[in-house]
Peer 1: 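The structure under discussion is supplied below as structure tokens; questions concerning it will follow.
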Amino acid sequence: MLLKIAVILGTRPEIIKMAPVIRELEIREADFLILHTGQHYSYNLDGVFFDQLKLPQVKYNVEAGSGSHAEQTAKILVGVEKVLREENPDIVLVEGDTNSVLASALTATKLHIKVGHVEAGLRSYDRNMPEEINRTLTDHCSDYLFAPTEKAKAILLGEAIPKKKIFVTGNTIVDAVYQNLKIARERDNTLDTLHVNPGEYLLVTLHRQENVDNRARFASILEGLDKLAAEFDLPIIYPIHPHSRKRLGEFNLKAPKLTLIEPIDFFGFLQLESNARLILTDSGGVQEEACILSVPCVTLRDNTERPETIEVGANILAGTSSGNIFECTRRMLGRKNDWQNPFGDGKAGEKIVSIITGGFDD
Ligand code: UD1
Ligand code: UDP
């Protein structure tokens with residue numbers, strides 16, 4: 001019997017990281033549909049990635065939108081349940097750690113639909129992060145856990161998740177980078193538009209709730225970045241997430257030395273990342289991409305669920321104090337970029353689809 005698959009996604013990183021899985025489902029002419037939760041809806045966080053990555057049309061969008069955690073999660077639970085009852089898929093695939101992921105996995109499992117969690121087994125051990133709650137609970141209600149690394153698998157085994165449910169596949173972000181970097185290099189002119197030269201600027205992203213919703217932390221990071229721009233005499237490009245833009249205004253914070261731009265498309269962002277002298281970020285996906293692209297990374301957090309990047313020497317935790325940001329940047333600028341990418345061979349999408357289509361026999 002042909003398996004019916006519902007791919008559920010809702011935010012920028014889910015679209016980018018699920019794209020290689022969707023591509024593989026298309027190649028194999030699988031019976032699948034895409035369900036969008038509507039958590040992200042602005043064109044530059046959502047539609048642009050469907051257009052650029054040539055993804056098939058979304059069959060349903062439950063339009064949950066923004067709100068408090070409870071409001072957003074509740075809307076996704078209700079909306080996704082309605083669609084899953086109507087479509088009755090054999091398996092639901094979710095990716096990552098957003099509210100969309102937890103709500104969709106929970107809905108599916110209560111309907112006795114199998115759940116496959118792409119990027120399972122990541123832990124920051126910081127329960128102040130909404131993502132830590134989301135990823136942990138999602139792992140514990142999933143039937144297929146696609147761990148990107150052996151380390152992630154070991155974490156899952158340590159939480160008593162049965163071995164037979166866990167598959168080490170690599171991270172689909174490697175597939176996404178390998179599939180799109182060449183096209184990005186050929187087609188994109190973001191560096192020209194921003195008047196920066198390869199290797200002569202720093203790139204920043206910053207949007208985590210625990211950083212930008214806290215005035216003191218946000219201000220301290222901005223102060224650190226301003227100091228970097230002055231001391232190293234390098235332009236700093238910051239494609240600012242709307243969440244952070246909103247808080248910047250509400251807190252009346254300024255970052256006079258940073259070049260703030262709107263969030264950009266994936267090709268433009270890959271170009272900016274791969275040519276940056278160094279990247280500073282609190283994003284999960286950007287830590288991985290910096291590591292894959294051999295660009296040193298300074299993480300603006302006290303912990304990371306991507307410890308592999310630190311172990312290979314590609315990343316350092318700076319926290320949020322301006323002095324530490326400066327010192328960690330100085331150290332990373334002096335480091336050799338000769339590490340190996342620990343996140344797989346770029347075939348995670350293929351492996352995941354093989355596992356669910358070959359191994360699903362229940
Ligand atoms: C969410 C995820 C986070 C992920 C990020 C990816 C949760 C708890 N957080 O954070 O893990 O790293 O997506 O980018 O799931 N907004 C817009 N347009 C949009 C969407 C949001 O302007 O299309 C603004 C709204 O003001 C909204 C705010 O951003 O209130 C926050 O959006 P939300 O979806 O709650 O969380 P993100 O910060 O995007
Ligand atoms: N990204 C992008 N444009 C931008 C900023 C980020 O295309 O202006 C991509 C980036 O390449 C990565 C993903 O968005 O693949 C990361 O998403 P985000 O930082 O929002 O979420 P996280 O990974 O922290 O959950």
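The first residue of the sequence shown is numbered 1, and numbering continues consecutively from there. Whatever order the structure lists ligands and atoms in, that order sets their numbers, starting from 1.
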Peer 1: Among all the protein's non-hydrogen atoms, which is closest to atom 1 (C) of ligand 1, and how far away is it?
Peer 2: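 Of the protein heavy atoms, Gln39 NE2, 3.7 Å lies nearest.
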Peer 1: What pair of heavy atoms forms the shortest contact from Asp97 to Val101, and how long is it?
Peer 2: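 It is N-CG2, 3.9 Å.
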Peer 1: Between Lys17 and Glu14 (salt bridge meaning N to carboxylate O under 4.0 Å), is one present in this structure?
Peer 2: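 Result for this pair is no, no salt bridge flagged.
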Peer 1: May I ask you to check if ligand 2 and Pro263 share an N or O to N or O distance below 3.5 Å?
Peer 2: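 No.
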Peer 1: Looking at side-chain heavy atoms only, is the closest gap between Leu122 and Pro148 below 4.5 Å?
Peer 2: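 Result yes, sub-4.5 Å side-chain heavy-atom pair found.
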Peer 1: Between Thr98 and ligand 1, which residue portion shows a heavy-atom distance shorter than 4.0 Å: side chain, backbone, both, or neither?
Peer 2: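 Near ligand 1, Thr98 shows its backbone as well as its side chain.
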Peer 1: Which protein non-hydrogen atom lies closest to atom 13 (C) of ligand 2, naming both residue and atom, and how far is it?
Peer 2: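 Ranking protein heavy atoms by distance from atom 13 (C) of ligand 2, first comes Ile16 CD1, 3.9 Å.
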Peer 1: If the plane angle is over 60° it's perpendicular, under 30° parallel, otherwise tilted; pick one for Phe218 and Phe251.
Peer 2: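 Judged by the thresholds at 30° and 60°, the geometry between Phe218 and Phe251 is perpendicular.
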Peer 1: Is there side-chain contact between Glu95 and Leu93, with at least one heavy-atom pair below 4.5 Å?
Peer 2: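 A side-chain contact is absent here, since even the closest heavy-atom pair is not under 4.5 Å.
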Peer 1: Could you check whether Gln39 and Thr11, counting side-chain N and O atoms only, form a donor-acceptor pair closer than 3.5 Å?
Peer 2: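 No, because no side-chain N or O of Thr11 sits under 3.5 Å from a partner of the opposite role on Gln39.
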Peer 1: Short N/O distance, under 3.5 Å, between Asn99 and ligand 1?
Peer 2: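 For ligand 1, there is an N or O atom that lies under 3.5 Å from one belonging to Asn99.
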Peer 1: Below 3.5 Å, N or O to N or O, backbone or side chain included: is there any such pair between Ile264 and ligand 2?
Peer 2: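 Yes: some nitrogen or oxygen of Ile264 is under 3.5 Å from one in ligand 2.
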Peer 1: Run the numbers for me: atoms of ligand 2, each under 4.0 Å from some heavy atom of Ser283, listed by number.
Peer 2: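 Every atom of ligand 2 under 4.0 Å from some heavy atom of Ser283: 16 (C), 18 (P), 19 (O), 22 (P), 23 (O), 24 (O).
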Peer 1: Indicate yes or no: does Arg245 engage Glu262 in a salt bridge with an N to O separation below 4.0 Å.
Peer 2: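 Counted as a salt bridge, because a side-chain N and a carboxylate O are separated by less than 4.0 Å.
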Peer 1: Flag His241 as yes when one of its N or O atoms lies below 3.5 Å from any N or O atom of ligand 1, and as no otherwise.
Peer 2: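 Right, the criterion is met.
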Peer 1: Enumerate the atoms of ligand 1 whose separation from the nearest heavy atom of Ser42 is less than 4.0 angstrom.
Peer 2: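 Answer for ligand 1: 17 (C), 18 (N), 19 (C), 22 (O), 23 (O).
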Peer 1: Please check whether Asn134 reaches ligand 1 - meaning an N/O of the residue sits under 3.5 Å from an N/O of the ligand, judged on distance alone.
Peer 2: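 No - when backbone and side-chain N and O of Asn134 are compared with those of ligand 1, no distance drops under 3.5 Å.
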Peer 1: Looking only at distances, can you tell me whether any N or O atom of Pro13, backbone or side chain, sits closer than 3.5 Å to an N or O atom of ligand 2?
Peer 2: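 Checking ligand 2 against Pro13, no N or O pair falls under 3.5 Å apart.
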Peer 1: For ligand 2, is there an N or O atom under 3.5 Å from any N or O atom of Glu289?
Peer 2: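 There is such a contact, yes.
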Peer 1: Just by distance, with hydrogens left out, do Tyr43 and Asp51 show a side-chain donor and acceptor under 3.5 Å apart?
Peer 2: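 Distance-only check passes for Tyr43 and Asp51.
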Peer 1: Using a strict 4.0 Å cut-off to heavy atoms of Pro242, name the atoms of ligand 1 that fall inside it.
Peer 2: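 Counting from 1, the qualifying ligand atoms are 16 (N), 17 (C), 22 (O).
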Peer 1: With a 3.5 Å cut-off and no angle check, do the side chains of Thr304 and Gln287 form a donor-acceptor pair?
Peer 2: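 Judged by distance alone, the side chains do pair up.
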Peer 1: For atom 6 (C) of ligand 1, find the nearest protein heavy atom and state the residue, atom name and distance (0.1 Å precision).
Peer 2: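 Scanning the protein heavy atoms, the shortest distance from atom 6 (C) of ligand 1 goes to Pro13 CD, 3.4 Å.
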Peer 1: Determine, for Arg330 against Glu327, whether the closest basic-nitrogen to carboxylate-oxygen distance falls under 4.0 angstrom.
Peer 2: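 The answer is yes: the pair qualifies as a salt bridge.
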Peer 1: Considering only the protein, which heavy-atom contact is closest to atom 16 (N) of ligand 1, and what is its distance?
Peer 2: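 Here the closest protein heavy atom is Tyr41 OH, 3.6 Å.
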Peer 1: Nearest protein heavy atom to atom 39 (O) of ligand 1, by residue and atom, and its distance?
Peer 2: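 Going by distance alone, atom 39 (O) of ligand 1 is nearest to His40 NE2, 2.7 Å.
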Peer 1: Which atoms of ligand 1 sit under 4.0 Å from any heavy atom of His69?
Peer 2: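 Counting from 1, the qualifying ligand atoms are 8 (C).
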Peer 1: Do Asn337 and Ser294 have side-chain N/O donor and acceptor atoms under 3.5 Å apart?
Peer 2: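 No, no side-chain donor-acceptor contact under 3.5 Å.
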Peer 1: Applying the side chain to side chain contact (heavy atoms under 4.5 Å, CB included) test to Val177, which of Thr172, Ile16, Leu293 qualifies?
Peer 2: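 In the set Thr172, Ile16, Leu293, the residue that makes a side chain to side chain contact (heavy atoms under 4.5 Å, CB included) with Val177 is Leu293.
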Peer 1: Look at atom 38 (O) of ligand 1 and say which protein heavy atom is nearest, naming residue and atom and giving the distance to 0.1 Å.
Peer 2: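 Answer for atom 38 (O) of ligand 1: His243 ND1, 2.7 Å.
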Peer 1: Please could you name the atoms of ligand 1 that Gln72 approaches to less than 4.0 Å, counting only its heavy atoms?
Peer 2: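 Numbered from 1, ligand 1 contributes 34 (O), 35 (O).
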Peer 1: Quick test of your reading of the structure: of Gln287, Glu14, Arg12, whose heavy atom lies closest to atom 5 (C) of ligand 2?
Peer 2: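 Closest candidate by heavy-atom distance is Arg12.
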Peer 1: Less than 4.0 Å between a side-chain N and a carboxylate O, is that true for Glu186 and Lys182?
Peer 2: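 Salt bridge: yes.
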Peer 1: What is the nearest protein non-hydrogen atom to atom 5 (C) of ligand 1, stated with its residue, atom name and distance?
Peer 2: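 Of the protein heavy atoms, His207 NE2, 3.7 Å lies nearest.
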Peer 1: By number and element, which atoms of ligand 1 are closer than 4.0 Å to a non-hydrogen atom of Lys246?
Peer 2: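 Selected atoms, number and element: 26 (O), 30 (O).
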Peer 1: Salt-bridged, Arg85 to Glu81, with N to O below 4.0 Å?
Peer 2: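 A salt bridge links Arg85 with Glu81.
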Peer 1: Minimum distance, heavy atoms only, to atom 1 (N) of ligand 2: which one of Phe267, Phe269, Phe49 is it?
Peer 2: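 Comparing heavy atoms across Phe267, Phe269, Phe49, the nearest one to atom 1 (N) of ligand 2 lies in Phe269.
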Peer 1: Salt bridge (charged side-chain N to carboxylate O under 4.0 Å, His left out) for Glu210 and Arg217? Distances and angles first, verdict last.
Peer 2: CA-CA 8 Å; Glu210 59 278 14; Arg217 283 174 80 93; over 6 Å; no
Peer 1: Check contact between Asp46 and ligand 1, using heavy atoms of the residue and a distance below 4.0 angstrom.
Peer 2: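 Per 4.0 Å heavy-atom rule, Asp46 does not contact ligand 1.
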Peer 1: Determine, using heavy atoms of Arg208 and all atoms of ligand 2, whether some pair is separated by less than 4.0 Å.
Peer 2: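 Distance cut 4.0 Å: Arg208 passes for ligand 2.
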Peer 1: Just to confirm my output: which protein heavy-atom neighbour is closest to atom 3 (C) of ligand 1, and how far is it?
Peer 2: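 Of every protein heavy atom, Glu131 OE2, 3.3 Å lies nearest to atom 3 (C) of ligand 1.
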Peer 1: Look only at interatomic distance and state if Asp97 has a nitrogen or oxygen under 3.5 Å from any nitrogen or oxygen of ligand 2.
Peer 2: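 For ligand 2, there is no N or O atom that lies under 3.5 Å from one belonging to Asp97.
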Peer 1: Going by the atom numbers of ligand 1, which of them fall below 4.0 Å from some non-hydrogen atom of Ser66?
Peer 2: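 Listed by number with element, the hits are 21 (C), 25 (C), 27 (C), 30 (O).
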Peer 1: Could you tell me whether Glu308 and Lys151 have a side-chain N and a carboxylate O separated by less than 4.0 Å?
Peer 2: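 Judged by the 4.0 Å cut-off on N to carboxylate O distance, Glu308 and Lys151 do not form a salt bridge.
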Peer 1: For ligand 1, which atoms sit closer than 4.0 Å to a heavy atom of Arg208?
Peer 2: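 Numbered from 1, ligand 1 contributes 3 (C), 4 (C), 11 (O), 12 (O).
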Peer 1: My understanding is that we take every heavy atom of each candidate and find the minimum distance to atom 23 (O) of ligand 2. Doing that for Pro239, Gly285, Ala176, which one comes out nearest?
Peer 2: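 Comparing heavy atoms across Pro239, Gly285, Ala176, the nearest one to atom 23 (O) of ligand 2 lies in Gly285.
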Peer 1: May I ask you to decide whether Glu24 forms a salt bridge with Lys347, counting only side-chain N to carboxylate O separations under 4.0 Å?
Peer 2: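 Salt bridge absent between Glu24 and Lys347.
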